[in-house]
**Student:** 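Before I ask anything, let me first share the structure, which is written out below as structure tokens.
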Amino acid sequence: MNVIAPPTPVLQVESLSISFPHPEGKGLVPLVQNVDFSIAEGEIMGLVGESGCGKSLTSLAILGLLPRPGVMSGGTIALNGLSLQSLDAESYRRLRGKAMALIPQDPLSALNPVYTIGNQLEEILTTHTDLDSSQRHLRMRELLDAVRISNPEQRLKAYPHEFSGGMRQRVLIAMALACTPKLLIADEPTTALDVTVQADILSLIQELCQDFNMATLLITHDMGVVAEICHKVAVMYAGHLVETALVEDLFASPQHPYTIGLLQSIPRPNVKQLHSIEGTPPSILSMPELGCRFIERCPQAEASLCATAEALAFRSLSPSHQHRCVKA
Ligand SMILES: Nc1ncnc2c1ncn2[C@@H]1O[C@H](COP(=O)(O)OP(=O)(O)OP(=O)(O)O)[C@@H](O)[C@H]1O
Ligand SMILES: [Mg+2]
């Protein structure tokens, strides 16, 4: 019998918890709790959820850049089997930009206005590679080529203000790719851009992920984006993963009421009235201590079932489709 081994994950996150001090001094509050996922080579995983649910904190923990006074209060993060939480600050710094890279949300503020694109790209290559000056130049041309920026010679001499928003995002993608990272993290890479260029940037990320065989974590609040370019998806609500599945399975058979609410709020032709999920997520002051954090907004909630530790057990529909709803 021919057994095909599952691809080895590039990124493996297990039971990740991130806590902040309670503003009224009542100890630490886990804003992200027991989050598990993995991403393989060439795979794009969407991490979706409303504003404030902990998407960026999760990515910052992976990058070793958690803002103080936040702490990683539990779990493990491994990149190609290397445990990241044991790294010292200097080793982590070397890893960022080399083995893992971030495409930021705001392409304007991420570039330095007083240096040319060429200066900024070359600095990354000088820091992270042994290439000599002419090799660096060649590599910079290749990178602009990869992100479909024409006239590379001329473009390398230009300053950020000479580029449109979409072009600046392409430059930042080129910078992220400079050292052929294993893991690419894109945090809302298109929210600051015109709708007309959003689709181009997404399909560029999709192509590059395949060409460079990178594991990609794409953070978004937009299920439409997930449908467009992701292979699998993790749905986050108030710091808990509530459902993880392959994209086609999630759209075909969503299980958690929060996922269902998100899917119903995707704009569609012929549907005039958009569905929205009533209410707001719990704040750090009102986080339920036990059970499902969606309880206050859930049309199906039943306290005796949902406000229990048991409610958070993962239930499997298949090895790749899991959810955390007792009522599903
Ligand atoms: N530096 C900080 N100090 C205190 N709380 C923080 C800090 N950074 C984030 N938080 C809180 O952690 C929670 C998760 O924040 P995070 O930025 O991860 O959300 P997000 O899902 O990325 O949201 P968005 O879609 O708006 O970017 C929020 O409630 C936020 O207020
Ligand atoms: Mg964010």
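Atoms within each ligand, like the ligands themselves, are counted from 1 in listed order. In this text the structure is predicted, and so the values were computed from the model without any measurement.
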**Student:** Applying a 4.0 Å heavy-atom criterion (strictly less than), which segment of Cys53 is in contact with ligand 1: side chain, backbone, both, or neither?
**Tutor:** both
**Student:** Does atom 21 (O) of ligand 1 have a protein heavy-atom neighbour under 4.0 Å away?
**Tutor:** yes
**Student:** Compare Pro23, Gly52, Ala238 and give the one whose heavy atom is closest to atom 28 (C) of ligand 1.
**Tutor:** Gly52
**Student:** If the condition is side chain to side chain contact (heavy atoms under 4.5 Å, CB included), which residues does Glu123 pass it with, not counting sequence neighbours?
**Tutor:** Thr127
**Student:** Could you tell me whether the side chains of Glu122 and His137 share a donor-acceptor contact shorter than 3.5 Å?
**Tutor:** no
**Student:** Is Arg141 salt-bridged to Glu153, going by a charged N under 4.0 Å from an acidic O?
**Tutor:** yes
**Student:** Do other residues, nucleotides or ligands put more than 12 heavy atoms under 6.0 Å from Asp88 CG?
**Tutor:** yes
**Student:** With a cutoff of 4.0 Å, is Gly54 in contact with ligand 1, counting heavy atoms of the residue only?
**Tutor:** yes
**Student:** Please identify which atoms of ligand 1 are closer than 4.0 Å to at least one heavy atom of Pro67.
**Tutor:** 1 (N)
**Student:** side-chain hydrogen bond (donor to acceptor under 3.5 Å, both in side chains), that's the test. Do Tyr237 and Arg297 meet it? Break it down for me.
**Tutor:** CA-CA 11 Å; Tyr237 183 78; Arg297 301 169 77 189; 3.2 Å; yes
**Student:** Which protein N, O or S atoms lie under 2.8 Å from the Mg ion (ligand 2)?
**Tutor:** Ser56 OG
**Student:** Applying side chain to side chain donor-acceptor pair (under 3.5 Å) between Glu243 and each of His321, Gln322, His323, report the one that passes.
**Tutor:** His321
**Student:** Do Asp187 and Gln105 get their side chains close enough for a donor-acceptor pair, meaning under 3.5 Å?
**Tutor:** no
**Student:** Just one of Asn34, Leu47, Val13, Leu16 clears the side chain to side chain contact (heavy atoms under 4.5 Å, CB included) bar with Leu241, so which one?
**Tutor:** Leu47
